[in-house]
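As structure tokens, the structure follows; a few thoughts come after it.
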Protein chains: 2
Amino acid sequence: MVGVVNDVKLPETLAFRLGTVGAVVADRFAERIAAHDLKPKHAGLLTALSAGEVASQQDLAARLGVAPSLVVALADHLEGLGAIERVRDPRDRRRQVLTLTGHGRELLQACGEAARSLDEEITAGLSAAQRKALQAALGVLAAEAGRR
Amino acid sequence: MVGVVNDVKLPETLAFRLGTVGAVVADRFAERIAAHDLKPKHAGLLTALSAGEVASQQDLAARLGVAPSLVVALADHLEGLGAIERVRDPRDRRRQVLTLTGHGRELLQACGEAARSLDEEITAGLSAAQRKALQAALGVLAAEAGRR
DNA sequence: TATTGTTATACTCTATAACTATA
DNA sequence: TATAGTTATAGAGTATAACAATA
């Protein structure tokens with residue numbers, strides 16, 4: 001091994017692989033939810049609404065890590081689909097409180113099913129043990145990523 | 001458990017997590033290589049050059065899954081940095097053969113080191129076994145993603 | 001004066017289409 | 001006529017900044 005430089009192979013790093021695999025998976029997810037007239041960011045907004053108690057558009061912007069003006073556009077679209085409702089907070093009329101409608105919950109469920117079937121395709125080449133390990137490790141990373 | 005709908009939780013799917021984690025990691029990688037005046041796509045092009053025998057711009061476009069016109073822009077930039085050289089193929093003067101220069105190899109190495117140090121931060125919250133499992137599983141997924 | 005949501009604007013990324021030169 | 005590369009143009013996505021209503 002003498003003479004072999006201690007070089008790092010970029011394509012073998014987790015960072016590079018997570019980035020490339022993530023982009024491919026995100027594209028495929030986007031294709032599947034496009035039939036519902038949704039894009040990944042819409043699914044993210046619906047998810048945040050269903051999960052947390054946060055509901056003002058500013059809160060959502062912070063939670064999703066996007067500009068407040070983008071939340072306006074996302075919410076406009078979701079409202080047009082009947083997936084969410086905007087209600088002025090009576091105690092502070094500057095705030096818009098967003099809530100999921102029944103249809104919004106249905107759409108979120110459809111996104112979940114699209115993701116689940118995609119999961120099956122993705123993990124087709126992995127052993128059961130690998131799937132479990134991947135699920136666990138990504139759970140940790142996703143929690144960290146959400147905290148930023 | 002009676003009464004609990006069999007709902008899929010989107011944020012717990014691999015597809016959703018890979019997409020969100022991948023985006024965060026890609027952003028952080030981009031921040032680190034920006035000091036070298038590179039973006040992730042440049043690193044991808046350098047990687048493809050260093051790995052394969054393919055070298056024409058059309059080949060690269062197919063390999064990276066981007067439009068040929070984008071390869072022009074990426075190659076222009078890399079050539080300006082002195083990272084690659086363009087040489088006309090004498091047997092078919094329409095083709096440009098791209099080759100890595102010594103500086104290009106240095107830059108690729110720097111990207112690899114940036115990714116490696118990012119890997120350490122990313123996996124700080126994982127056990128050694130989880131790291132290994134994640135590495136193996138992502139290796140499979142990256143190979144699949146690259147084949148599309 | 002500060003904050004929420006909105007609108008107007010601009011910037012980045014990338015693709016499509018038109019064009020040039022070679023074949 | 002077909003192909004490699006280039007240039008011109010356009011679209012998607014998103015941020016920044018200016019603005020209106022409310023606090």
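Everything numeric in this text was worked out from a predicted model, so none of it was measured. Below, chain A is the first sequence line, B the second, and so on; all start at residue 1.
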d([atom1], [X]; [atom2], [N]) in whole Å:
{"X": "A:Asp89", "N": "D:dA21", "atom1": "CG", "atom2": "C1'", "value": "15 Å"}
{"X": "A:Asp59", "N": "C:dT4", "atom1": "CG", "atom2": "P", "value": "8 Å"}
{"X": "B:Leu64", "N": "D:dG5", "atom1": "CG", "atom2": "P", "value": "13 Å"}
{"X": "A:Glu79", "N": "C:dT6", "atom1": "CD", "atom2": "P", "value": "9 Å"}
{"X": "B:Gln96", "N": "C:dT20", "atom1": "CD", "atom2": "P", "value": "18 Å"}
{"X": "A:His77", "N": "D:dA12", "atom1": "NE2", "atom2": "P", "value": "13 Å"}
{"X": "A:Asp27", "N": "C:dA15", "atom1": "CG", "atom2": "P", "value": "10 Å"}
{"X": "A:Gln57", "N": "D:dA21", "atom1": "CD", "atom2": "P", "value": "17 Å"}

Check your understanding: Can you find a pair of side-chain heavy atoms, one from A:Phe29 and one from A:Cys111, that are under 4.5 Å apart?
Key ->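 Counting from C-beta outward, A:Phe29 and A:Cys111 do come under 4.5 Å.
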
When rounded to the nearest 0.5 angstrom, what distance separates [atom1] in [X] from [atom2] in [Y]?
{"X": "A:Asp92", "Y": "A:Arg94", "atom1": "CG", "atom2": "CZ", "value": "4.5 Å"}
{"X": "A:Leu46", "Y": "A:Leu108", "atom1": "CG", "atom2": "CG", "value": "5.5 Å"}
{"X": "A:Glu85", "Y": "A:Leu78", "atom1": "CD", "atom2": "CG", "value": "12.5 Å"}

With the side chain of [X] defined as its heavy atoms from C-beta on, choose the nearest nucleotide among [options].
{"X": "B:Val66", "options": "C:dA15, D:dA17, D:dA4", "value": "C:dA15"}
{"X": "B:Arg95", "options": "D:dA15, D:dG5, D:dA23", "value": "D:dG5"}
{"X": "A:Leu70", "options": "D:dA15, C:dT6, D:dA23", "value": "D:dA15"}
{"X": "A:Arg86", "options": "D:dG5, C:dT6, C:dT4", "value": "C:dT6"}

**Study point:** Angle by which the axis turns from one end of the helix from C:dT1-D:dA23 to C:dA23-D:dT1 to the other, five pairs per end, to 10 degrees
**Key:**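 Its terminal axes enclose an angle near 20°.
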
Check your understanding: Between A:Arg88 and A:Lys41, who's closer to the 5' end of DNA chain D by nearest nucleotide?
Key ->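 The residue closer to the strand's 5' end, by nearest nucleotide, is A:Lys41.
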
Check your understanding: Taking atom types as modelled and ignoring hydrogens, do the side chains of B:Arg86 and B:Gln57 form a donor-acceptor contact shorter than 3.5 angstrom?
Key ->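 Per modelled atom types, B:Arg86 and B:Gln57 side chains form a pair under 3.5 Å.
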
Practice item. Using only heavy-atom distances, decide whether a donor-acceptor pair under 3.5 angstrom links the side-chain of A:Ser69 to the base of D:dT14. Key: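 Side chain to base: no pair present.
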
Check your understanding: Ignoring hydrogens and angles, does a donor from either the side chain of A:Arg94 or the base of C:dT3 sit under 3.5 Å from an acceptor on the other?
Key ->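 Yes, the side chain and the base share a sub-3.5 Å donor-acceptor pair.
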
Check your understanding: So does A:Arg93 have more than 12 non-hydrogen atoms from other groups sitting under 6.0 Å from CZ?
Key ->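 It does not: A:Arg93 CZ has 12 such atoms or fewer within range.
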
Check your understanding: Do B:Glu121 and B:Arg32 sit within salt-bridge range, that is, some charged N less than 4.0 Å from a carboxylate O?
Key ->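 Between B:Arg32 and B:Glu121 there is a salt bridge, with a charged N closer than 4.0 Å to a carboxylate O.
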
Review point. So, is A:Lys39 near the phosphate of D:dG13, with a side-chain N or O under 4.0 Å from OP1 or OP2?
Key: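 Yes, within the criterion.
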
